[in-house]
Amino acid sequence: MTPIQQQVKNWLEEKRVDIFLAYRILDGHPLPHAFTREHIEETAELVTGPARYSLEKFATHIASRYPAARIGMVARDCNQRALNVLRVWNQLKDGQVETVPVTCCPSHLHHHADCSYLEPHPAGAVKQQLGQAPNQSLAEVEAQPAAERLDRWLYEFQKCIKCYGCRNICPVCFCKECSLEHAELIGTGHLPPDIPIFHLVRAVHMAGRCVDCGLCEDACPAEIPLRLLYRKVNAIVKDLFDYETGSGDTLPPFSILGDKPTMSPMPLLAAAQE
Amino acid sequence: MDLKFVPSICSYCGTGCGVLFEVLDGELVGTLPMKTHPVNQGKLCIKGWNLHEHINSPLRLKHPLLKTFGRFTKVDWGKAVDVTAHRLKEVIAAHGPDSVGVLVSAKMTNEENYLAQKFARAVIGTNNVDHCARL
Ligand code: SF4
Ligand code: SF4
Ligand code: SF4
């Protein structure tokens, strides 16, 4: 048994957790798996990768049906950031989820990272010419002349097949009613969806929420560099409110429950506005 | 608390994307793309993403229904097959085998589709066979 397998077995036996989310290989595919006391022998098959699914999203599904459940899971950095956001947004209770951290070091000596930033796919010739390559820094994108930048983003957006995969796979998208399905905001019944509004509505909703895990970008059949777009949104949140999304420290600046904004703009900015 | 992840193949079209069903306490609650599946490599179209919805739909047909005098009544399979065979024979006798068309589906297995075309060609005697996966 590997140390992690032993640790998970102990956690289940000691009733430290009721269910543990990790992976096992089934028919050659690394798939998420829920380990339990009833099938404790399965912990010998536990692996931590190489594929990456949003285990924390499954945790919220368990928690909404079993509010008292104690849930364990293996967590890369991105999983941990998503857990922080889900806790801040009351989708998981404090201390409800215990994690076993796993690393995703980009070294080729380390087993497969499965992350669009650690293992970037090179942009093809057409994308280089017309589109927006996914693995650029924000500075590189912003160095493009504004008109060209707009053209490139519009080229990306018009490829959208409106599969809603970006929303469905996102660990921090949990709203019961989604603006992307709101007929008055976004026209229905045609492809591509209204652009750029479809993508910008989602981008705005990711402000203070997106943990830069890249699952949306991985799931996008049209290979739209969504992660890059949301990075920009959260760079603005950082600039204006000094809020670090995913840190889980406080409620994000955009929570509108109550009668006051939860955060003031950065003091320097406030001074500049006076 | 029983959470299972069941790999399967999307049955909506001929592409055959790999999906992963999220099953909580025996209830299908979600569909995900299988990230390592060679066909779709972690991506799905909108139909695949919503596979679980029709399975749980209250509108789903679970019994054969027979329409008599404009109203549907529940019948057993034996009766449904008898009535269908009888009516098909009547139609073929009156209008010929090419008055019948057989529509098969990506929601059936390869083998069932094979049987259906065999039924069309060898039993009814028509080449009117088509399939929704003829994309
Ligand atoms: S986002 Fe990528 S690099 Fe960061 S923790 Fe997740 S897998 Fe690792
Ligand atoms: S990177 Fe995409 S999937 Fe991940 S949190 Fe941000 S919007 Fe959601
Ligand atoms: S995953 Fe890509 S193609 Fe699908 S709705 Fe989102 S942006 Fe559009």
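These values consider heavy atoms only, across backbone and side chains, with no hydrogens, waters or symmetry-generated copies. In the text below, chain A, chain B and the rest are named by the order of the sequence lines, each starting its count at 1.
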*chain A contact via B:L24 - which portion, at a heavy-atom distance below 4.5 Å*: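 Both the backbone and the side chain of B:L24 come within 4.5 Å of chain A.
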*Given a strict heavy-atom distance threshold of 4.5 Å, which part of B:L44 is in contact with chain A: side chain, backbone, both, or neither?*
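Backbone of B:L44 only, per the 4.5 Å heavy-atom cut-off to chain A.
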*Got a second to check how far B:L20's CG is from A:L31's CG, nearest 0.5 Å?*
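That separation rounds to 5.5 Å.
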Here's a test: name every donor-acceptor pair under 3.5 Å between chain B and chain A, with the distance for each.
{"residue": "B:E22", "atom": "OE1", "partner": "A:H61", "partner atom": "ND1", "Å": "3.3"}
{"residue": "B:E22", "atom": "OE2", "partner": "A:H61", "partner atom": "ND1", "Å": "2.6"}
{"residue": "B:L24", "atom": "O", "partner": "A:R65", "partner atom": "NH1", "Å": "3.4"}
{"residue": "B:D25", "atom": "OD1", "partner": "A:Y66", "partner atom": "OH", "Å": "3.2"}
{"residue": "B:D25", "atom": "OD2", "partner": "A:R65", "partner atom": "NH1", "Å": "3.3"}
{"residue": "B:D25", "atom": "OD2", "partner": "A:Y66", "partner atom": "OH", "Å": "2.6"}
{"residue": "B:E27", "atom": "OE1", "partner": "A:R65", "partner atom": "NH2", "Å": "3.0"}
{"residue": "B:K35", "atom": "N", "partner": "A:Y53", "partner atom": "OH", "Å": "2.8"}
{"residue": "B:K35", "atom": "NZ", "partner": "A:R52", "partner atom": "O", "Å": "3.1"}
{"residue": "B:K35", "atom": "NZ", "partner": "A:D218", "partner atom": "OD2", "Å": "3.4"}
{"residue": "B:T36", "atom": "OG1", "partner": "A:H29", "partner atom": "ND1", "Å": "2.7"}
{"residue": "B:K43", "atom": "NZ", "partner": "A:D218", "partner atom": "O", "Å": "2.6"}

*If you look at every heavy atom in B:P33 and A:I169, which pair is closest and at what distance?*
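Shortest heavy-atom contact: CG-CD1, 4.2 Å.
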*For chain A, find which of B:G42, B:G18, B:G30 contributes the most heavy-atom pairs closer than 4.5 angstrom.*
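That would be B:G42.
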